[in-house]
There are 2 protein chains.
Amino acid sequence: MLRLTKKADYGLMALKYLAEHPDSVSVSAKDIADTYGIPAQLLAKVLQRLTKVGLLRSHAGMNGGYELSREARTISAFEVIHAIDGPLFITSCTKGSKSCDLEPNCTIKEPLARVNDSIAGVLKSISIHDMADYELPSGRGAEPHPLVSLTRT
Amino acid sequence: MLRLTKKADYGLMALKYLAEHPDSVSVSAKDIADTYGIPAQLLAKVLQRLTKVGLLRSHAGMNGGYELSREARTISAFEVIHAIDGPLFITSCTKGSKSCDLEPNCTIKEPLARVNDSIAGVLKSISIHDMADYELPSGRGAEPHPLVSLTRT
DNA sequence: TTGAACTGCGACAAAATCAGTCCTATACTG
DNA sequence: CAGTATAGGACTGATTTTGTCGCAGTTCAA
């Protein structure tokens with residue numbers, strides 16, 4: 001449980017790909033989809049959403065495609081996930097709205113809101129660059145990720 | 001996104017309830033279900049699973065019901081969620097198994113495994129007692145939760 | 001100026017997961 | 001034995017996720 005949707009996965013993979021190919025001016029959804037073997041049309045939609053939110057810039061037409069609108073280092077995993085999967089709520093009942101119709105008190109959501117924030121914090125602390133940099137076999141860039149090095153049992 | 005299932009919510013609520021009623025020797029699923037207005041049979045199943053896993057002790061028959069098998073302080077939210085919703089994987093493709101059929105490399109899961117661990121850590125750091133203690137209107141027990149006080153923006 | 005290669009959307013279909021119900025069996029109490 | 005519980009399997013309906021189709025608009029280049 002507690003999974004990201006595949007769309008979010010796809011989105012992260014695509015952004016990572018873009019971060020790893022800064023040379024290419026713009027990459028088409030199909031290129032990325034083919035690279036990873038994921039449904040092109042679905043990925044296209046994901047990228048469209050990311051564009052709409054401003055994380056990507058697109059341009060149509062031949063040799064069109066997408067490019068990061070900001071540096072990979074400044075784009076957090078949280079932003080991507082939020083754009084694709086919507087707001088992050090660990091509990092089934094969200095706090096503000098009327099959604100929690102459980103009788104007197106859905107006594108669980110208050111404490112879990114903290115957990116929620118913690119998770120969001122972790123996600124915010126990871127940038128696309130961090131993810132891309134991660135497994136570059138080459139030398140430099142192997143610096144650890146201080147923000148993520150929590151609680152490894 | 002990134003939601004717990006309702007079953008997990010129900011389970012947490014029920015454990016919290018049990019933690020708040022240590023006086024009662026054992027509480028029936030129906031009692032709890034009625035208190036929170038959740039489907040009794042569904043909650044029953046959740047409690048059965050928690051019993052199977054050893055977090056609860058049950059006893060059938062009149063005035064039967066459930067009780068915590070350990071102190072609330074020693075039961076983590078993680079255990080409950082894991083028992084009900086299964087293992088915690090943030091990525092759609094889990095690392096060890098053959099599940100990631102995305103062509104060459106599902107390049108995303110490695111970095112996200114860290115995030116996964118962080119989240120698990122947060123969940124492990126919260127006990128049922130923490131959750132129960134949380135909103136007791138009475139005086140004592142208002143001590144903060146150092147383990148959870150991460151990254152509140 | 002035509003066509004190929006793109007993005008941008010909306011609607012829809014298929015599949016998977018979740019939530020909830022029903023029914024039966026079993027255990028314990030009095 | 002009657003009544004109240006847990007235990008658990010089977011099944012249905014709702015919801016969400018995943019993926020497809022079709023069409024319109026854009027850009028480029030021959």
Side-chain angles (χ1 to χ4, degrees), chain A residues 1-11 13-14 18 24-34 36-67 69 81 84-87 89 91-93 99 101-102, chain B residues 1-11 13-14 18 24-34 36-67 69 81 84-87 89 91-93 99 101-102:
Chain A
M1 236 300 97
L2 214 70
R3 286 213 182 85
L4 257 40
T5 62
K6 281 195 176 175
K7 285 186 190 175
D9 277 6
Y10 295 162
M13 291 168 71
L18 290 172
S24 338
V25 181
S26 105
V27 183
S28 75
K30 188 171 184 309
D31 287 344
I32 302 177
D34 288 351
Y36 294 116
I38 62 186
Q41 307 213 58
L42 188 51
L43 178 62
K45 287 202 172 171
V46 170
L47 297 183
Q48 282 163 28
R49 167 157 249 114
L50 293 176
T51 302
K52 209 169 183 179
V53 173
L55 293 176
L56 296 178
R57 261 193 306 262
S58 68
H59 81 279
M62 273 198 70
N63 302 319
Y66 300 89
E67 60 179 323
S69 72
I81 293 169
I84 299 172
D85 280 350
F89 284 122
T91 42
S92 298
C93 45
S99 47
D101 31 339
L102 299 182
Chain B
M1 237 299 97
L2 213 69
R3 287 215 180 84
L4 259 39
T5 61
K6 281 195 176 176
K7 286 184 188 176
D9 277 5
Y10 294 162
M13 290 167 73
L18 290 172
S24 338
V25 182
S26 106
V27 183
S28 74
K30 188 170 183 310
D31 287 344
I32 302 176
D34 287 352
Y36 294 116
I38 62 186
Q41 307 214 57
L42 188 52
L43 178 63
K45 290 204 169 169
V46 170
L47 297 182
Q48 283 163 27
R49 166 157 251 113
L50 292 176
T51 302
K52 209 169 184 180
V53 174
L55 293 176
L56 295 178
R57 261 193 307 262
S58 68
H59 83 278
M62 274 198 67
N63 301 320
Y66 300 88
E67 60 180 323
S69 72
I81 293 169
I84 299 171
D85 279 351
F89 284 123
T91 43
S92 300
C93 45
S99 48
D101 31 339
L102 298 183

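In what follows, every chain begins at residue 1, and chains take the letters A, B, ... in the order their sequences are listed.
The NZ-P distance, from A/Lys7 to C/dA16, rounds to 16 Å in whole Å. The distance from atom CG of B/Leu50 to atom P of D/dA7 is 11 Å, rounded to the nearest whole Å. Across the protein-nucleic acid pair, A/Lys45 atom NZ and C/dA13 atom C1' stand 12 Å apart, rounded to whole Å. The interatomic distance linking B/Lys6 (NZ) with C/dT21 (P) rounds to 11 Å, in whole Å. Look at CD1 on A/Ile32: it is 9 Å from P on C/dT7, rounded to the nearest Å. Between the C1' atom of C/dA19 and the CD1 atom of B/Ile84 lies a distance of 14 Å, rounded to the nearest Å. What separates CG of B/Leu42 from P of D/dT12 is a distance of 18 Å, to the nearest Å. In this structure, A/Ile38 places its CD1 atom 15 Å from C1' of D/dT20, rounding to the nearest Å.
Among all heavy-atom pairs drawn from B/Ile84 and B/Gly11, the shortest one is CD1-CA, 3.8 Å. When every heavy atom of B/Gln48 is checked against every heavy atom of B/Tyr66, the shortest pair comes out as CG-OH, 3.7 Å. Heavy-atom minimum distance, A/Asn63 versus A/Ser26: O-OG, 3.6 Å.
Between A/Tyr66 and C/dG8 there is a side-chain polar atom (N or O) within less than 4.0 angstrom of OP1 or OP2. Residue B/Ser58 places at least one side-chain N or O under 4.0 Å from the OP1 or OP2 atom of D/dA7. OP1 or OP2 of C/dG20 lies within a sub-4.0 Å distance of a side-chain N or O belonging to B/Tyr10.
Backbone-only contact: B/Ala29 has heavy atoms under 4.0 Å from sugar-phosphate atoms and none from a base.
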Query - Reading 5' to 3' through nucleotides 22-30 of chain D, protein heavy-atom contacts under 4.0 Å coded B for base, S for sugar-phosphate only, - for none - result: ---BBBB--
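Not a single donor-acceptor pair under 3.5 Å links the side chain of A/Ser24 to the backbone N or O of A/Val27. A donor-acceptor contact shorter than 3.5 Å is absent between the side chain of B/Thr51 and the backbone of B/Ser58.
Looking only at side-chain heavy atoms (C-beta outward), B/Leu42 and B/Lys7 come within less than 4.5 Å of each other. Residues A/Leu18 and A/Ile32 are in side-chain contact: their nearest non-hydrogen atoms beyond the backbone lie under 4.5 Å apart.
Of the listed nucleotides (C/dG20, C/dC9, D/dA7), D/dA7 has the atom at the smallest distance from the side chain of B/Thr51.
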